[in-house]
Amino acid sequence: MKPFGRVLPAVAGGVLVVALVAAFLAPADRLQGDLQRLMYVHVPAAWVAYLSFALTLVGSVLWLWRKEPRYDRLAASSAEGGVFFTGLALVLGSVWGKPVWGVWWTWDPRLVTTAVMFFVYLGYLALRRATADPLARARRSAVFGIVAFVQVPVVHMSVVWWRTLHQPPTVLKPGEPSIEHTMLAALLLSVLAFTSLFAVALRARMRIAALEDAVEERMRTAERALAGAAIAAPRTEGVRTDV
Amino acid sequence: MKPNAVRQCAELALKDLRLELRAREVGLVIAPFGAVALLLIPMAVDASTALLRQLGPGMYWVVVLLFGVLVAVRDTAVEAPEQHAVLRLLGVEPAVLQMGRALANFVLVLLFELLLLPVSIALYDPDLTGWPWLLLALPLTAGGLALLGTIANSLARGLTGRSTIGPLMVVPIAVPLLLAAVQSTRAAGLGRAPWPWLLLIAVVDVAALLLLVLTAHHQEETA
Amino acid sequence: MKPNAVRQCAELALKDLRLELRAREVGLVIAPFGAVALLLIPMAVDASTALLRQLGPGMYWVVVLLFGVLVAVRDTAVEAPEQHAVLRLLGVEPAVLQMGRALANFVLVLLFELLLLPVSIALYDPDLTGWPWLLLALPLTAGGLALLGTIANSLARGLTGRSTIGPLMVVPIAVPLLLAAVQSTRAAGLGRAPWPWLLLIAVVDVAALLLLVLTAHHQEETA
Amino acid sequence: MASAPSARPVDAVVELSGVSVDVEGAPVLRDLDLTVRRGETLGVRGANGSGKSTLLSVVATLRPVRTGTGSVLGKSFGDSAIHDVRPRIALVGHAAALYQNLTLRENLRFLAHLTGRPDRAADDALDAVGLAGVADRTASRCSQGMLRRADLARVLLSEPELLLLDEVHSGLDAASVGLVAGLIDGVRRRGGASMVVSHDQQRLTAETDRVVEIVRGAAVPERCA
Amino acid sequence: MASAPSARPVDAVVELSGVSVDVEGAPVLRDLDLTVRRGETLGVRGANGSGKSTLLSVVATLRPVRTGTGSVLGKSFGDSAIHDVRPRIALVGHAAALYQNLTLRENLRFLAHLTGRPDRAADDALDAVGLAGVADRTASRCSQGMLRRADLARVLLSEPELLLLDEVHSGLDAASVGLVAGLIDGVRRRGGASMVVSHDQQRLTAETDRVVEIVRGAAVPERCA
Ligand code: HEM
Ligand SMILES: Nc1ncnc2c1ncn2[C@@H]1O[C@H](COP(=O)(O)OP(=O)(O)OP(=O)(O)O)[C@@H](O)[C@H]1O
Ligand SMILES: Nc1ncnc2c1ncn2[C@@H]1O[C@H](COP(=O)(O)OP(=O)(O)OP(=O)(O)O)[C@@H](O)[C@H]1O
Ligand SMILES: [Mg+2]
Ligand SMILES: [Mg+2]
C-alpha cells in the first residue's frame with residue numbers, strides 16, 4: 001500500500017501552484033501592503049485546523065457508535081493534523097502581528113482561545129499516549145474528542161463576544177463577505193490548496209496508522225509468548241544446596 | 001426494592017462528601033492554598049491599591065478556576081480499581097454514578113468559591129456594585145467546573161500521573177467559563193445586567209451535563 | 001563495601017527521576033498547566049500590553065512558586081509505607097535519604113523553570129535587561145523550593161490529603177524566596193547588581209538545607 | 001460436598017468458548033473454553049501470572065475479550081443486556097474494595113443503600129463475619145484479615161448468583177476460614193455457581209466440585225473430582 | 001527441620017519484656033514478653049487484628065514501644081545504636097514494597113546499589129525466584145504472586161540475620177511455596193533467626209521450631225514443638 005496514493009497528491013500539487021500564483025497576483029492591501037499576503041497562509045491554516053478538529057469530532061462520534069477501529073484512526077490522525085495547523089496559524093499570526101500590531105503576542109481573546117485550543121488538543125494527544133490498552137484508548141479519546149470540540153466555536157466567536165483587536169469574521173459570517181472579490185478568490189484558492197494538502201497528509205497518516213494497527217494485530221494473532229509463559233518456577237533447590 | 005435514581009445519586013454524593021469531610025482536602029488545604037495564591041500575586045507584581053482594586057475580580061476568578069479544578073480532581077474523588085469494579089457490578093446506571101460524583105464536586109467547588117470570596121474582598125478591596133449577580137454566577141460556574149472535572153476524572157482513571165493529567169484536560173476547556181464569569185462580574189460592576197454572560201456559562205453547563213450523561217456509559221467502561 | 005553518601009544520594013535521586021520519566025508528570029503535565037496559568041491571568045484581568053510587560057516578571061515567579069511546589073510534592077515523590085519501611089531498614093543515613101529526594105526535586109523544579117521561561121517571555125514580552133542574573137536566580141530559587149518541598153513531603157507523610165497539605169506548608173515559607181526572586185529580577189532590569197536579593201535567596205537555601213539535614217533523623221522516624 | 005445438588009444442573013451460568021484476552025496489549029488468556037453450571041463450584045489453579053485473576057474479571061464482565069464468545073448468567077458478551085446481570089455477580093479480589101476513610105459500617109451501608117437494602121442488612125453482614133464490634137473503625141485502621149472479612153461481608157449483603165473468589169482464604173484466621181465455605185454453600189443453595197481461585201490444593205479439592213488449571217492461557221481440567 | 005542447629009543458641013536475637021504498643025493511640029500489644037534465639041525460627045499465630053503485624057514492625061525497630069524494654073540483635077530500643085543493626089533485618093509485609101513504575105529489575109538493582117552490591121546480585125535474586133524472564137516488566141503490570149516473589153527476592157539480596165515474614169505464603173503458587181522454607185533455612189545457616197506469621201497451622205508446625213499465639217496483646221507459647 002502506498003501511503004500517499006497517486007492522484008490526490010498530484011491534484012493537491014496543482015491546486016497549490018494555482019493558489020500561489022493567485023496569492024501573488026491578488027492586489028496588495030491599501031494599508032498593509034504586501035504584508036497582507038500573509039493572510040493567504042494564516043487564514044487557511046486556521047480553517048484547516050477547524051476542519052481537522054471537526055473530523056476528530058466526527059471520528060469520535062462514529063467510533064462510539066460503531067466501535068470500528070478506522071474511526072479511531074481518523075480521529076487521532078486528524079487531531080495530529082489539527083495541532084500542526086493550529087501551531088502554524090499561531091506562528092504565522094505572530095509573524096504577522098509583529099509588524100502590524102508591534103508585538104508578537106497580545107491579550108486578544110482570539111489569540112488566547114486559539115492558544116488554548118492548541119493546549120486542549122495537546123491534552124488529547126497526551127491522553128492517547130498515556131493509555132496503553134487500544135480499546136480504552138479509543139474510548140477515552142473519543143469522549144474527550146467530543147468534549148474538546150467546544151473550543152472551536154469559542155475560538156470562532158471570541159472576536160464577536162469580546163471586544164477585540166483581531167480581525168472579526170470577514171468571510172464566514174451572515175451576509176455579504178466584507179472583502180474585495182479578487183482577494184476573496186485568492187483566499188478561497190489558498191484554502192482549497194491547504195485543504196487538499198491536509199487531505200493528502202491525513203490519508204497518508206491514516207494509512208500508516210492502519211499499517212501500524214495491522215502489524216500490531218498480526219503480532220497478536222501470531223504465536224506471541226503469553227504473559228505468564230516467561231515466569232519460571234523458583235530455584236528452591238538452589239537456595240538450600242548444602243542442607 | 002431498587003431505589004430510584006435520585007436517591008442513588010444522593011447516596012453517592014453523600015459518600016464523596018463524607019470522604020472529603022474525613023480527609024478535609026478542600027477545607028483545610030486547597031482553600032488556604034488558593035488564599036495564599038491570592039495573597040502572593042499582589043506581592044509579586046508590586047501593584048498599587050488602585051490597580052489591585054481593578055485586578056481583584058479577575059484574580060478571584062483565575063484562582064477559582066485553577067484551584068477549583070484541583071478540587072474537582074482531588075484524591076478522594078477517585079476510586080481504586082477494586083472500588084470501581086464494585087460500583088460497576090452494583091447495577092447502578094453509569095449516568096447516575098457520574099451525576100453523584102458531579103453533585104459532590106459541585107457542593108465542594110461552591111464551598112471553595114464561598115471560602116475564597118471574603119479573602120479576595122479583604123485583599124483587593126474591589127468595587128462591589130452589582131454583587132447580587134454573584135448569587136447566580138457562583139453556582140453556575142461551580143456547576144461547570146464540577147461537571148468538567150467529573151469528566152476529566154473518569155477519562156484519567158488509572159493513568160499514571162492522573163492527578164495532573166486531569167486538570168490539564170479541564171482547565172483549557174473551562175476557559176470560556178472563566179472569561180464569561182469575569183465579564184459578568186465586570187458588566188455587573190458597571191450596573192448592567194450580565195445576562196448574555198450568564199447565558200454563556202449556562203450553555204457550557206448544559207453542554208457539559210449532556211456530554212456527561214450521554215457518554216456516562218462509555219466512561220464507566222473505561223477500566 | 002558500603003557505597004559512600006554521595007553515591008547513595010545520586011542513586012536515590014536517579015530512582016526518583018526515573019519514576020518521573022515514566023509518569024512524565026512534570027514535563028507533560030505540570031509545565032503545560034503552568035503555561036496555561038500564565039496565559040489565563042492576563043486574559044482575566046484584561047490588562048494592557050504595557051501593564052503586562054510590567055507584571056511579567058512577577059507573574060512568572062508566582063507561577064514558578066505555586067506550580068514549582070506542585071512539582072516538589074508530585075505523586076511520584078512519595079513512598080508508600082512499605083517502601084518507606086524498606087528504605088529505613090537499608091541503613092542509609094536519613095540525611096542522605098532526604099538529600100537524594102531534594103536533589104531530584106531540584107533537577108525537576110529547575111527544568112520546570114526553564115520550560116516556563118520562554119513561555120513567559122513570549123507572552124509578556126518583558127524587558128530583558130540584566131537577564132544573565134537569571135543564571136544565578138533560577139538555580140538558587142529552584143534549590144530553595146526543592147528543599148522546602150522535600151521537608152513538606154516528609155512532614156505530610158501518611159496524612160490523608162497529602163498532595164495538598166504539603167503545598168500548604170511550603171508556600172508560606174517560600175514567600176521570602178518569591179519576593180527576593182522578584183526583586184532580584186527587578187533590580188537586574190534596572191541595571192543594578194541584585195546581590196542582596198540573591199544573598200537572601202541563598203540564605204533561605206542554606207537555612208532550608210540545614211533544617212533538612214538536622215531534622216532528617218526525626219523526619220524519617222515520623223512514619 | 002463433592003457432588004453438586006441437582007438444582008437445574010444443565011443451565012450454564014458461565015460459558016466461554018475460544019476466548020482470548022489481552023491485558024494492555026499483552027496476551028494473557030488464549031483460546032480458553034470453560035463452562036460452569038448452576039449449583040457447581042469450580043476451583044481454579046495455575047502458576048503465578050498465568051491469568052487466573054484476569055479470567056475472573058472477564059467472567060465478571062469487567063474486561064473485554066479480544067476473540068471468542070461467552071455468556072454469563074444467560075447474557076452473552078457484547079450484548080448490552082449483559083449489564084443487567086451484573087448485580088447478580090460478586091467478585092472478591094486480591095485487594096479489599098473498601099473506602100479507606102469510611103468506617104466498615106459506612107462502607108457496607110453505602111452499598112446497601114445503593115441496592116435498596118435496609119441498614120440492618122449491612123449491620124447483620126458485619127455481624128456475621130465477626131466485625132460488629134469494630135464496625136466504627138475506619139478501613140484504614142483495620143488489619144489485613146479484618147479487611148478481607150469486611151470484603152466477604154459485602155458478598156453476604158449482595159447475595160449473588162455467581163460468586164468469584166480470588167485467593168480469599170489468604171489473611172483469614174483459623175476461626176474464619178469457614179466463612180468462605182459458608183458463602184459458597186449459600187450460593188449453591190440459591191442455585192448459583194462459584195469460581196474459587198486458590199493455590200491451596202487441599203482446600204480446593206475439599207471445597208469445590210472440580211478443578212481446572214490455567215496452563216498456557218487455557219483451562220485444562222484436572223482429574224475429575 | 002524442627003530441631004535448631006546449635007549455632008550459638010543462647011544469644012537472643014530478639015528480646016522483648018513487658019512491651020506495650022499503641023497504634024495511633026489505640027492499645028494493640030500489652031505486656032508482651034518474647035525471646036527469639038539465634039538459629040531459631042519462631043512461628044506467630046493469632047486471630048485477625050490481634051497485633052501480629054504490629055509485633056513484627058516493633059521487632060523491626062520501625063515502631064516505638066510505649067512501655068517495656070527490648071533489644072534486637074544485641075542493641076536495645078531507645079539506644080541510638082539500634083539504627084546500625086537495621087540493615088541486618090528484613091521485613092516482608094502484607095503488601096509488596098516495590099515502586100509501581102519501575103521494572104522488577106530496576107527495583108532490585110536500586111536496593112542493591114544502595115547497599116553496595118553489584119547488579120549481578122539483583123539479577124541472581126530475581127532468577128532464583130523465577131522472575132528472570134519478566135525482569136523488565138514494571139511492578140504495576142505484575143500479578144499478586146509475582147509481586148510477592150519479587151519481595152522475597154529482596155530478602156535473598158539482603159541476606160538478613162533477622163527475617164520477619166508476615167503471611168508471605170499467601171499468593172505463592174504450589175511451585176514456589178518452597179521458597180519461603182529456603183529463605184528461612186538460609187537465615188538459620190547464617191546463624192540468624194526468623195519470625196514467621198501465618199494462619200496456616202500445618203505450615204507453621206512444619207517450618208518453625210516453636211509457635212506463639214498472640215492472645216489479648218501478649219505472646220502465649222503453644223504446646224512446645
Ligand atoms: C498569534 C496571532 C494570531 C492568531 C492566534 C490568530 C488566529 C486566527 C484564527 C484562529 C483565525 C480563524 C478565525 C475564524 O474564521 O474563526 C484567524 C483568522 C484571521 N486572522 Fe488571525 N490570528 C493571529 C494574528 C493575526 C493578525 C496579526 C492578523 C492581521 C492583522 C490576522 C488576521 C486574520 C484575518 C483577516 C482572519 C480571517 C478572518 C475571518 O474571515 O474570519 N490574524 N486568525
Ligand atoms: N499491563 C500489563 N502488561 C503486560 N502484562 C500484564 C499487564 N497486566 C497484567 N499482565 C500480566 O498478565 C498475567 C496475568 O495476570 P493475573 O493477575 O491474571 O495472574 P494470576 O494468575 O492471577 O496470578 P497470581 O497467582 O500471581 O495472582 C501476568 O503474567 C501479568 O504479568
Ligand atoms: N490507627 C489505628 N487506630 C486504631 N486501631 C488500629 C490502628 N491501626 C491498627 N489498629 C488496630 O490494631 C490491631 C492490630 O493490627 P495488626 O495489623 O497488627 O493485626 P494482625 O494481627 O496483623 O491481623 P491480621 O491477621 O488481620 O493481619 C487491629 O485490631 C487494628 O484494628
Ligand atoms: Mg491473581
Ligand atoms: Mg497482619
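Labels below follow one simple rule: chain letters A, B, ... track the order of the sequence lines, proteins then strands, and each chain is numbered from 1.
- Annotation for Arg203(D): atom CZ counts as buried by contact number, over 12 foreign heavy atoms lying within 6.0 Å.
- With rounding to the nearest 0.5 Å, the separation of CZ in Arg63(D) from CG in Leu135(A) is 11.0 Å.
- For chain A, the option among Ala47(D), Gly46(D), Ser20(D), Gly49(D) with the highest count of heavy-atom pairs below 4.5 Å is Gly49(D).
- Once rounded to the nearest 0.5 Å, the distance linking CG of Leu226(A) with CD1 of Ile214(D) reads 11.0 Å.
- Here the shortest heavy-atom pairing between Val28(D) and Ala227(A) reads CG2-CB, 4.0 Å.
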